Amino acid sequence: MRLTILGGGGFRVPLVYGALLTDHAEGRVTEVVLHDPDARRLRAVTRVLAEQAAGIPDAPGVTATTDLDEALRGADFVFSAIRVGGLAGRADDERIALAEGVLGQETVGAGGIAYGLRTVPVAVDIARRVARLAPDAWVINFTNPAGLVTEAMSRHLGDRVIGICDSPVGLGRRIARVLGADPKEAFVDYVGLNHLGWVRGLRVAGRDELPRLLADPALLGSFEEGRLFGADWLRSLGAVPNEYLHYYYFNRETVRAYREAAQTRGAFLRDQQARFYEEAGDPGVSALRAWDRTRAEREATYMAENRESAGAGEREEEDLSGGYEKVALALMRAIARDERATLILNVRNRSTLRVLDADAVVEVPCLVDANGAHPLAADPLPGHATGLVCAVKGVEREVLSAAESGSRATAVKAFALHPLVDSVNLARRLVDEYRAAHPGLGYLE
């Protein structure tokens with residue numbers, strides 16, 4: 001089976017390949033094709049993968065190419081993990097927004113809109129190429145903003161594109177661990193959009209254990225989201241939000257913390273990964289050891305400003321190992337081998353959330369089999385969550401419209417309607433500043 005990874009020179013590719021190395025069953029991936037327009041990054045990541053595979057006789061073969069069409073031909077699965085504009089673009093997204101006093105995170109608020117406007121045209125081109133060159137392939141989208149990009153691609157690939165994110169999985173795992181339950185035996189009632197969802201229940205053997213958690217201040221204070229949001233707020237919500245909702249619920253404090261930080265997250269990663277790729281290109285250095293060291297630092301500093309502003313402390317050791325690669329592998333196995341699994345994924349809504357139309361991509365538990373991912377029925381969201389989901393989905397639709405039409409006015413509308421952007425005049429300035437900083441936004445007229 002052939003797996004193509006777009007963004008194959010990306011830093012997290014070794015996580016995916018490492019997960020593939022643990023799979024020895026029939027029907028496993030035997031060939032991995034890495035695609036990236038940056039040949040230097042491809043060489044560095046290929047070196048890491050070669051060290052990972054050392055001594056493993058049935059390790060999947062790895063080839064690398066800068067030719068997109070060549071990479072797609074013959075693919076059974078396509079992992080899309082591109083970053084349009086690179087980490088320099090992300091750093092600019094954050095810097096421009098923060099200078100205007102609003103959040104610049106890569107998937108939330110002004111920064112997420114700018115990133116989406118750059119990424120959607122490229123993602124749509126990829127979707128069209130997949131439809132032409134590998135029409136039977138399944139596309140698993142890692143690219144952020146994951147829900148928005150998955151929806152853009154689904155207009156050309158239908159249900160054969162599925163978005164993934166490790167945030168809901170990590171949240172469900174932490175809640176189960178606190179409650180003394182096996183995460184593999186628990187059903188996580190999670191509903192929302194990518195980076196905008198809530199755990200409303202955690203059922204073990206048919207019993208919802210979440211009320212026990214919400215009633216116990218000691219338990220609530222023993223895991224990351226409990227410390228991040230505070231026990232009183234979680235009890236008020238009657239749910240546990242995805243960590244990204246901290247940007248909405250504590251926006252003022254988060255923006256202040258980000259503006260006071262020595263550098264933004266994007267700038268930190270830009271500089272950190274520049275050092276890694278330089279080091280990994282040295283033939284006298286172990287690329288794998290350099291990658292391991294860099295990854296540990298990356299994971300430990302994740303959302304550091306949010307945790308600092310909330311007094312949440314350091315990340316738990318169990319949460320430093322990522323997890324999105326495990327979700328991707330489980331999804332691929334379920335489809336390729338018809339191994340039925342329940343996973344939280346980004347898929348077309350159909351009738352799951354009645355406040356959204358059938359084609360809106362949502363993040364919900366899905367039953368996965370050889371025919372793809374099928375969203376499970378869900379109870380309606382409470383009013384406060386419904387309002388936020390509808391508002392953000394409306395913004396996503398304006399981003400898609402602006403990317404399709406090239407309309408500056410529609411892009412302004414997308415910024416202005418976002419709950420974390422508080423002025424139409426600010427929205428106009430943001431569009432002009434992002435256009436000036438990013439050649440990829442030159443299509444907006």
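Here the structure is a predicted model, which is why all the values come from computation and not from measurement.
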Determine whether more than 12 heavy atoms belonging to other residues, nucleotides or ligands lie under 6.0 Å from atom [atom1] of [X].
| X | atom1 | result |
| --- | --- | --- |
| R155 | CZ | yes |
| R212 | CZ | yes |
| E404 | CD | no |

Check: [X] side chain, [Y] main-chain N or O, donor-acceptor pair, under 3.5 Å:
| X | Y | result |
| --- | --- | --- |
| N349 | L356 | yes |
| D36 | G9 | yes |
| D67 | E70 | yes |
| R160 | D136 | yes |
| R47 | D282 | yes |
| Y17 | P60 | yes |
| W291 | F11 | yes |

What's the spacing between [X] [atom1] and [Y] [atom2] if we round to 0.5 Å?
| X | Y | atom1 | atom2 | value |
| --- | --- | --- | --- | --- |
| W198 | L381 | CH2 | CG | 6.0 Å |
| E106 | R265 | CD | CZ | 9.5 Å |
| D292 | E297 | CG | CD | 13.0 Å |
| C390 | L353 | SG | CG | 8.5 Å |
| I5 | F142 | CD1 | CZ | 7.5 Å |
| R293 | L288 | CZ | CG | 10.5 Å |

Does any part of the side chain of [Y], heavy atoms only, come nearer than 4.5 Å to the side chain of [X], both counted from C-beta?
| X | Y | value |
| --- | --- | --- |
| D159 | V347 | no |
| H438 | D93 | yes |
| M332 | L20 | yes |
| I335 | D369 | no |
| E225 | P241 | no |
| D76 | V29 | no |
| L220 | L234 | yes |
| V139 | I126 | no |

Aromatic plane relationship, Y247 with Y244 - under 30° parallel, 30 to 60° tilted, over 60° perpendicular: tilted
Salt bridge or not for [X] and [Y], using N-O below 4.0 Å?
| X | Y | result |
| --- | --- | --- |
| D359 | R348 | yes |
| E279 | R289 | no |
| E209 | R207 | yes |
| E94 | R90 | yes |
| D379 | R200 | no |

R2 and V33: CA distance, side-chain angles, deciding distance, side chain to side chain contact (heavy atoms under 4.5 Å, CB included) verdict: CA-CA 8 Å; R2 180 175 181 176; V33 179; 3.2 Å; yes
Near-ring test W233/Y249, centroid separation under 6.0 angstrom: yes
Reference residue D357; test side-chain hydrogen bond (donor to acceptor under 3.5 Å, both in side chains); the match among R397, K393, R350: R397
Result of checking R28, K326, R337 against D23 for salt bridge (Lys or Arg N to Asp or Glu O under 4.0 Å):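 Of the listed options, the one satisfying the test is R337.
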Polar side chain donor-acceptor pair, H35 to T65, under 3.5 angstrom: no
